[in-house]
Amino acid sequence: MDKKRFYITTPIYYPSAKLHIGHAYCTTLTDIFARYKRLRGFECYFLTGADEHGQKIEKNAAAAGKSPQQFVDEIVEGFHKLWKLLDISNDDFIRTTQDRHVKVVQDIFSKMLAKGDIYLGKYKGWYCTPCESFWTDTQVGPDHICPDCGRPVQVAEEEAYFFKTQKYVDSLLKFYEENPKFLTPESRKNEMINTFIKPGLDDLCVSRTSFSWGIPIRENEKHVIYVWLDALTNYITALGYDSEHPELFNKFWQDPECETIHILGADITRFHAIYWPMFLESLGLRKPDRELIHGLLMMRNSKMSKSKGNVVDPYPLVERFGVDAVRYYLAREVTFGQDGSFTPEQFVERSNTDLANALGNLLNRTVSMINKYFGGVIPAYQGRLNSVDGELESVIQTSVKQYENLLDDLKITEAITAAMDIVNRANKYIDETTPWVLAKDPEKEKELASVMNHLATALFTAGMLLKPVLVTASDKLFAQLGLNPEEVSYEKVYDVTFLGGQTVNKGEQLSPRLDATIEVPFIQYLMAGNQ
RNA sequence: CGCGGAGUAGAGCAGUGGUAGCUCAUCAGGCCCAUAACCUGGAGGUCGGAGUGUUCAAAUCCUCCCUCCGCAACCA
């Protein structure tokens with residue numbers, strides 16, 4: 001929290017097919033961090049995008065009878081739609097086919113080549129002649145069969161450029177040591193060292209000649225730049241590195257006052273944790289401050305696959321249940337850093353328990369009582385009339401503090417729990433104070449007023465803490481409390497006395513209860529591949 | 001010995017040294033402001049197994065074993 005600016009990214013996703021809920025998970029988490037930082041007054045830049053080159057795109061496009069560009073244009077259109085639907089607040093969207101990226105990547109390649117960090121060598125692999133594809137040892141399996149067509153493969157070689165990893169291994173290890181927070185969870189660092197670095201890191205293949213849908217190498221037009229040198233560099237090309245307009249790059253990458261964070265899934269850890277710092281060092285650039293590695297979402301305890309009927313398309317899910325329910329589920333249900341699973345039952349349960357029963361119902365009953373007992377006007381703060389008032393206030397204050405500490409440390413699941421503690425305590429507070437009893441005794445009016453004021457404050461605070469997650473419900477909550485969502489400031493969470501005087505507006509239910517007997521089968525139907 | 005993760009109440013999960021927790025389900029009670037919601041309490045776990053391992057103290061650290069899962073150079 002000591003830096004002023006904040007740069008946060010998702011990986012750029014591969015548009016060979018539609019996005020699934022795993023992509024939505026990653027992007028939603030990133031969006032929540034970005035929104036939180038903005039709420040806290042940081043100048044924040046949030047980047048996502050698409051990694052559009054490669055053989056798979058080339059082949060899928062051909063199979064669809066389209067040009068690769070046409071093919072990715074259509075799929076990327078779907079990315080934009082999904083992010084809009086999920087209310088993702090990215091500041092930019094980079095596509096690796098854009099000029100601003102292509103040119104700079106070519107420059108980067110030239111620089112590394114000139115510096116001697118890239119050299120021309122031979123790539124050896126298993127080659128399937130009919131498919132015109134190279135495969136790795138593990139892809140072909142013990143029987144040496146093409147994973148695509150099932151025919152036998154042959155050992156083959158092609159000319160390729162390689163990045164000299166050995167040159168940077170020592171300084172990478174030193175970097176890990178000097179920056180213990182670079183990789184989260186920390187276990188990932190050990191994994192990188194033990195699995196990849198210790199056994200001896202091979203040089204990284206950074207070009208291919210076996211397909212052409214990629215960024216051509218200026219020095220040798222037969223070659224296109226291969227995956228990671230093309231993909232990882234998006235994080236800086238999007239900011240205008242090496243361009244005529246490097247302002248954003250200077251501000252959000254090179255400036256030590258800016259904290260730079262990559263969010264990524266466990267499956268691409270090594271590229272981000274090993275090669276990316278090496279590339280940056282080769283270019284003489286700063287390395288990112290942190291990389292947050294989240295777990296992968298499994299579907300019913302096995303990896304997503306359509307044949308198993310367990311893929312979830314987030315789009316219809318959001319359309320039916322709303323952006324808040326989906327965002328909340330993703331951020332709350334899966335412990336950050338662990339693999340998680342999506343099940344329809346859990347989704348419905350989480351939405352009902354937390355959003356409908358706890359938060360939505362608390363708002364509903366509070367607003368109803370303020371209407372009934374005080375003509376719709378929230379009574380002014382009355383002080384702490386008794387120990388129960390004091391207890392609620394102290395839960396609010398400690399929850400705010402916990403929430404901030406947790407989110408500053410990017411612990412999202414626990415931070416949400418801290419916010420919900422306020423809601424749960426407030427529900428209990430109603431039972432303890434029994435406002436409907438107080439209302440019958442005119443002498444208890446002040447106590448009743450205090451109860452209503454405290455409840456409104458609890459709701460406001462919880463709503464503010466949850467605002468990065470519940471992007472629409474939080475504003476609805478503020479509006480029901482008679483506040484203008486445009487005008488409420490985060491700083492008010494520290495003040496338990498400021499509410500009072502405004503007129504509540506009882507609106508629609510914040511979050512309706514879902515009927516599991518209807519919604520669970522509905523989600524299952526979606527997961528079976530139906531729309 | 002490829003690497004890693006997981007095994008905690010009927011189900012799903014938190015919990016990295018200090019009296020076993022949460023959600024759902026279940027049982028009993030309360031309340032009636034509210035979205036059949038809310039509040040209280042009960043029952044239900046020898047925390048995968050083993051160890052005459054470490055420690056004043058272990059779900060948590062150590063050793064071995066069993067089971068499941070993921071990754072293994074373009075699935076976040």
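Each chain gets a letter, A, B and so on, in the order its sequence line appears, and its residues count up from 1.
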Engineer: Give the rounded distance in Å between these two atoms: CG of A:D313 and P of B:C75.
Structural biologist: 19 Å

Engineer: Can you check whether A:K56 has a side-chain N or O nearer than 4.0 Å to OP1 or OP2 of B:C75?
Structural biologist: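 So the side-chain polar atoms of A:K56 do come within 4.0 Å of the phosphate oxygens OP1 or OP2 of B:C75, strictly under.
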
Engineer: B:C74 phosphate, OP1 or OP2: any side-chain N/O from A:Y226 under 4.0 angstrom?
Structural biologist: yes

Engineer: Just to be sure I understand the rule, does A:I263 reach a base, reach only the sugar-phosphate, or reach nothing, if contact means heavy atoms closer than 4.0 Å?
Structural biologist: nothing

Engineer: Using a heavy-atom cut-off of 4.0 Å across all strands, would you classify A:N361 as base, sugar-phosphate, or nothing?
Structural biologist: base

Engineer: Could you walk me through whether A:D31 and A:S89 pass the side-chain hydrogen bond (donor to acceptor under 3.5 Å, both in side chains) test, one step at a time?
Structural biologist: CA-CA 6 Å; A:D31 185 61; A:S89 64; 2.6 Å; yes

Engineer: What is the distance, to the nearest angstrom, from the OH atom on A:Y14 to the P atom on B:A73?
Structural biologist: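 The distance from OH of A:Y14 to P of B:A73 comes to 16 Å, rounded to the nearest Å.
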
Engineer: Are A:N364 and B:U35 close enough that a side-chain N or O sits under 4.0 Å from OP1 or OP2?
Structural biologist: yes

Engineer: For A:I193 and B:G2, what is the distance between atoms CD1 and P respectively, to the nearest whole Å?
Structural biologist: 21 Å

Engineer: Flag this pair as yes if the NZ/CZ of A:R208 is under 6.0 angstrom from the six-membered ring centre of A:Y226 and inside a 45 degree cone about the axis; otherwise no.
Structural biologist: yes

Engineer: Identify whether any heavy atom of A:F347 sits under 4.0 Å from a base atom; if not, whether one sits that close to sugar-phosphate; answer base, sugar-phosphate or nothing.
Structural biologist: nothing

Engineer: Can you check the A:D515 CG to B:A36 P distance for me, whole Å?
Structural biologist: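 Interatomic distance, CG of A:D515 to P of B:A36: 12 Å.
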
Engineer: Taking atom NZ of A:K411 as the centre, does the number of heavy atoms from other residues, nucleotides or ligands within less than 6.0 Å exceed 12?
Structural biologist: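 No.
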
Engineer: Other residues, nucleotides and ligands only: do more than 12 of their heavy atoms fall within 6.0 Å of NZ on A:K506?
Structural biologist: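 Yes, the 6.0 Å shell around NZ holds more than 12 heavy atoms from other groups.
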
Engineer: Can you measure A:R188 atom CZ to B:G70 atom C1' for me and round it to whole angstrom units?
Structural biologist: 10 Å

Engineer: Considering every strand and a 4.0 Å limit on heavy-atom distances, what is the contact class for A:D202: base, sugar-phosphate, or nothing?
Structural biologist: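 Base contact.
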
Engineer: Which is it for A:L466 and A:S474 under the side-chain contact (heavy atoms from CB on, under 4.5 Å) test, yes or no, and what are the steps along the way?
Structural biologist: CA-CA 7 Å; A:L466 292 170; A:S474 55; 5.8 Å; no

Engineer: For A:E508, is the CD atom crowded, meaning more than 12 foreign heavy atoms sit under 6.0 Å from it?
Structural biologist: no

Engineer: Taking the nucleotide of RNA chain B with the closest heavy atom to each, which residue, A:C26 or A:C205, is nearer the 5' end?
Structural biologist: A:C205

Engineer: How long is the line joining CG of A:L296 and C1' of B:A72, in whole Å?
Structural biologist: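 So the CG-C1' distance, A:L296 to B:A72, works out to 14 Å.
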
Engineer: Taking only nitrogen or oxygen atoms into account, show me every contact under 3.5 Å that the protein makes with nucleotides 26-30 of chain B, one pair per line with its distance.
Structural biologist:
unit_1: B:G30; atom_1: N2; unit_2: A:D431; atom_2: OD2; d: 3.2

Engineer: All N/O contacts under 3.5 Å from nucleotides 22-25 of chain B to the protein, with atom names and distances to one decimal?
Structural biologist:
unit_1: B:U23; atom_1: O2'; unit_2: A:E349; atom_2: OE2; d: 3.0
unit_1: B:C24; atom_1: O4'; unit_2: A:E349; atom_2: OE2; d: 3.0

Engineer: Could you spell out the base pairing of RNA chain B as a dot-bracket line? Use Watson-Crick and G-U wobble contacts where both distances are under 3.5 Å, [ ] for crossing pairs, | for partners on a different strand.
Structural biologist: .(((((((.[[[[.)..(..]]]].(((((.......))))).....[[[[.[..)....]]]]])))))).....

Engineer: What is the nucleic acid contact for A:T413, judged by heavy atoms within less than 4.0 Å: base, sugar-phosphate only, or nothing?
Structural biologist: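 No contact.
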
Engineer: Does A:K444 NZ have over 12 foreign heavy atoms under 6.0 Å away?
Structural biologist: no

Engineer: May I have the distance from A:E345 (atom CD) to B:G10 (atom C1'), rounded to whole angstrom?
Structural biologist: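 One finds 15 Å between C1' of B:G10 and CD of A:E345, rounded.
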
Engineer: Between B:C33, B:U35, B:A73, which nucleotide has the shortest distance from any of its atoms to the side chain of A:F271?
Structural biologist: B:A73

Engineer: Return the CG to CZ distance between A:L29 and A:R327, rounded to the nearest 0.5 Å.
Structural biologist: 9.5 Å

Engineer: Counting only side-chain N and O atoms of A:K428, is one of them less than 4.0 Å from OP1 or OP2 of B:C38?
Structural biologist: no

Engineer: Rounded to whole angstroms, how far apart are CZ on A:R365 and P on B:A34?
Structural biologist: 9 Å

